[in-house]
There are 2 protein chains.
Amino acid sequence: MRLCSLRNIPTLKHVAEEAGVAVSTVARVINDKGYVAEKTRTKVMRAVETTGYRVNSLARSLKSNRSHVIGHLLRSTEPNPFFVKVARGVEEYARSRGYTTLTYNMHGASEAERMGIETFLNWRADALIFSTPVSQENVRHAVQAGVPIVQVERPRSELGHRITVKNYQGAESAVRHLLELGHSRIAYIGVKPGSQGNRFADYVEDERFGAFRDVMSGRAGFDENLVRFAKPRSPEHIPGTGHGYQAMKDLLACAHNVSAVLASSDMIAAGVLQAIREQGLSVPGDVSVIGFDDTLSEYLSPLLTTVRLPANELGLTAAKLLIDQLEGKTPSDGQLIELDAELIIRKSTSTR
Amino acid sequence: MRLCSLRNIPTLKHVAEEAGVAVSTVARVINDKGYVAEKTRTKVMRAVETTGYRVNSLARSLKSNRSHVIGHLLRSTEPNPFFVKVARGVEEYARSRGYTTLTYNMHGASEAERMGIETFLNWRADALIFSTPVSQENVRHAVQAGVPIVQVERPRSELGHRITVKNYQGAESAVRHLLELGHSRIAYIGVKPGSQGNRFADYVEDERFGAFRDVMSGRAGFDENLVRFAKPRSPEHIPGTGHGYQAMKDLLACAHNVSAVLASSDMIAAGVLQAIREQGLSVPGDVSVIGFDDTLSEYLSPLLTTVRLPANELGLTAAKLLIDQLEGKTPSDGQLIELDAELIIRKSTSTR
DNA sequence: TTGTAGGCGTTATCAA
DNA sequence: TTGATAACGCCTACAA
């Protein structure tokens with residue numbers, strides 16, 4: 001009985017007929033639970049082979065009320081591979097535990113947030129991961145539907161679990177590195193904390209800039225003329241290469257005698273490099289540059305010294321946290337996990 | 001009757017009770033088909049609101065035998081955002097037609113191919129998109145299961161639909177551009193055609209290099225000393241920045257008097273820029289460089305002249321082709337669609 | 001050790 | 001115009 005083609009997909013019933021047993025027996029074999037005589041098992045296995053049986057995850061999930069689906073809401077700001085790395089962490093870990101990841105990539109507009117969440121809920125996802133900032137209202141919507149959630153990297157509220165990065169320590173080690181190299185005229189190019197009008201949303205930029213200001217104040221002295229902020233043009237927009245370019249060009253024009261720059265992302269650093277080079281200056285000969293993220297760093301010249309964010313680990317940890325909870329291995333009260341950011345020294349920094 | 005929380009998700013039955021009508025009536029309202037009195041409709045709508053009803057896509061798909069899911073198999077070679085752009089094209093288009101995209105990102109190993117396909121088939125995806133090369137055997141597996149498929153960019157067989165890019169024209173226009181700028185000692189750095197041992201797999205590299213060789217032969221003269229190929233270390237490995245760097249360093253060391261380079265990807269071009277800069281030379285002053293893809297180009301300095309691949313359009317077209325077929329608007333016989341590649345002139349090329 | 005039967009939430013058919 | 005009911009494919013008591 002071959003009927004595997006053209007949407008005539010064999011079911012348990014077909015396998016049962018082929019093997020000459022009852023449907024429930026086949027089910028027991030396939031799910032490996034309950035008593036089955038060895039003889040029957042092999043008979044059934046063979047029938048599974050010949051019919052080309054394949055479980056119907058739809059039916060299984062419907063019946064069991066567990067889809068083994070993790071919904072992942074993200075906003076992949078190309079070319080920034082950061083979120084792709086997070087997504088891979090989620091996907092690979094989930095897969096290793098028998099879960100499928102349903103990814104919803106919203107581009108820009110945040111009215112898509114709600115649609116993404118609705119899609120997940122319609123598909124009865126067992127848990128949700130938000131690796132892009134999501135409004136408290138929308139997160140609550142998911143929580144109220146009874147689905148465990150985790151907010152990754154930029155939580156906007158205290159709902160559910162949260163996984164973040166120690167941005168302060170990361171930025172701190174970057175500035176210390178520059179100071180140790182003998183720099184004192186160090187500029188900061190980033191995004192303005194407070195521009196999102198939400199204390200959670202600003203968390204990341206706050207910490208990065210905060211560390212810069214604190215360390216500089218304590219050592220070389222903090223000069224706000226050496227700080228260049230971009231305001232995101234919209235809540236979804238993340239300032240990138242263009243901003244880094246403009247800001248650096250401006251800094252150089254002002255003759256502030258800058259000898260080093262800490263950029264709050266690799267994309268911004270890419271723009272910084274463009275501006276420096278355009279002036280006929282060299283890196284790190286004339287100016288040292290440090291980025292943040294470790295996304296573009298290996299592709300720029302010179303190889304960029306940067307603060308690495310554990311993107312993959314962020315995704316992996318999120319998936320693990322949720323699956324552990326789903327399987328009763330973890331309490332369900334919101335946890336806060338902080339991962340380390342590590343300074344990676346490459347070729348864009350040198351002594352003054 | 002509020003029971004929307006904690007996995008006590010309301011069903012049609014609950015809505016029906018709330019509205020005091022039959023389940024089938026609610027179904028008619030929700031799907032907007034069949035006769036429903038205006039009065040009943042509003043009554044039902046209100047019940048939908050108060051109960052917080054949400055369709056169960058699992059049940060719906062099971063019953064209707066149509067999941068409205070498109071499975072997308074890809075291999076996101078970070079940081080190359082190419083595949084992310086393809087994926088976004090797929091996802092956004094599918095969404096606009098009411099389909100959900102299930103993405104399976106295999107990393108490296110191609111034994112994952114089969115697993116990805118199995119996952120899609122288990123979830124009863126209505127159609128599949130392969131935007132990474134997939135073995136003929138595995139593609140056939142999907143086709144035999146009766147699912148429409150499309151192979152994007154690097155088809156490895158003639159199965160199903162295929163969407164490719166006019167790489168030959170793209171490379172041709174790049175070389176012509178360099179010739180017009182007065183260059184004659186033009187190097188080519190890419191991946192060795194034939195290294196995959198499959199005429200389909202080599203399609204892309206064949207065309208890019210073929211155009212280079214053809215145009216050069218006809219004009220400045222083809223010198224194979226100016227060609228540097230990398231062999232992929234494995235079928236999954238794509239030579240990148242490291243290869244570009246090594247190859248360019250080597251070319252410069254050989255004193256071949258190279259004044260321009262065509263790289264077969266932006267990642268390779270990034271390595272080329274690193275090598276050139278390391279020698280204290282400048283771009284485009286000493287050497288002009290052209291990349292391929294338009295992925296990293298805007299982030300390098302100088303802004304890279306490159307051959308843009310229509311990544312987003314590739315994904316969009318694939319999704320459209322399949323959905324049209326699913327909805328009977330397109331014949332199901334395998335179509336071959338070729339999209340244009342366009343030379344984007346930026347700052348890394350100038351007259352000799 | 002195996003089989004029977006009910007139900008998961010929908011949709012669709014057919015009566016009423 | 002509405003309602004009862006039978007699937008869809010799977011799982012799981014419970015009966016045999």
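Each chain gets a letter, A, B and so on, in the order the sequences are listed, and its residues count up from 1.
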Quickly work out the [X] [atom1] to [N] [atom2] distance and round it to whole Å.
{"X": "A/N56", "N": "C/dG9", "atom1": "CG", "atom2": "P", "answer": "16 Å"}
{"X": "B/L58", "N": "D/dC8", "atom1": "CG", "atom2": "P", "answer": "18 Å"}
{"X": "B/N65", "N": "D/dA7", "atom1": "CG", "atom2": "P", "answer": "16 Å"}
{"X": "A/L12", "N": "D/dC8", "atom1": "CG", "atom2": "P", "answer": "13 Å"}
{"X": "B/R124", "N": "D/dG9", "atom1": "CZ", "atom2": "P", "answer": "8 Å"}
{"X": "B/K39", "N": "D/dT2", "atom1": "NZ", "atom2": "C1'", "answer": "15 Å"}
{"X": "A/N31", "N": "D/dC10", "atom1": "CG", "atom2": "P", "answer": "10 Å"}
{"X": "B/R60", "N": "C/dC8", "atom1": "CZ", "atom2": "P", "answer": "19 Å"}

Is the shortest side-chain heavy-atom distance between A/D126 and A/V69 below 4.5 Å? no

Decide yes or no for A/E118 and A/M115: does some side-chain heavy atom of the first lie under 4.5 Å from some side-chain heavy atom of the second? no

Within 45° cone of A/Y104 ring axis and under 6.0 Å: B/R95 NZ or CZ: yes

Where A/N122 and B/R54 come nearest, the two heavy atoms and their spacing: OD1-CG, 2.5 Å

May I ask you to verify if any side-chain N or O of B/K33 is less than 4.0 angstrom from the OP1 or OP2 atom of C/dA12? yes

Looking at B/Y53, I'd like to know whether one of its side-chain N or O atoms comes within less than 4.0 Å of OP1 or OP2 on C/dT10. yes

The residue, B/S64 or A/I30, whose nearest nucleotide of DNA chain D is more 5′ is B/S64

Hey, does the side-chain of B/K63 have a donor or acceptor N/O within less than 3.5 Å of a partner on the base of D/dA7? yes

With sequence neighbours left out, write down each residue that passes ring-ring contact (aromatic ring centres under 6.0 Å, His included) with A/Y99, or none if nothing qualifies. A/H68

Out of C/dT11, D/dC8, D/dC11, which nucleotide sits closest to the side chain of B/L62? D/dC8

Would you say B/R114 and B/N138 are linked by a side-chain donor-acceptor pair, where the criterion is simply a distance under 3.5 Å? yes

Collect all protein-nucleotide pairs involving nucleotides 13-16 of chain D in which both atoms are nitrogen or oxygen and the distance is under 3.5 Å.
none

Looking at every strand, decide which applies to A/V21 at a 4.0 Å heavy-atom threshold: base, sugar-phosphate, or nothing. sugar-phosphate

Would you classify A/R66 as touching base, sugar-phosphate or nothing, given that sugar-phosphate means primed atoms plus P, OP1 and OP2, and contacts are heavy atoms under 4.0 Å? nothing

If the condition is side-chain contact (heavy atoms from CB on, under 4.5 Å), which residues does A/V84 pass it with, not counting sequence neighbours? B/S76, B/E78, B/V84

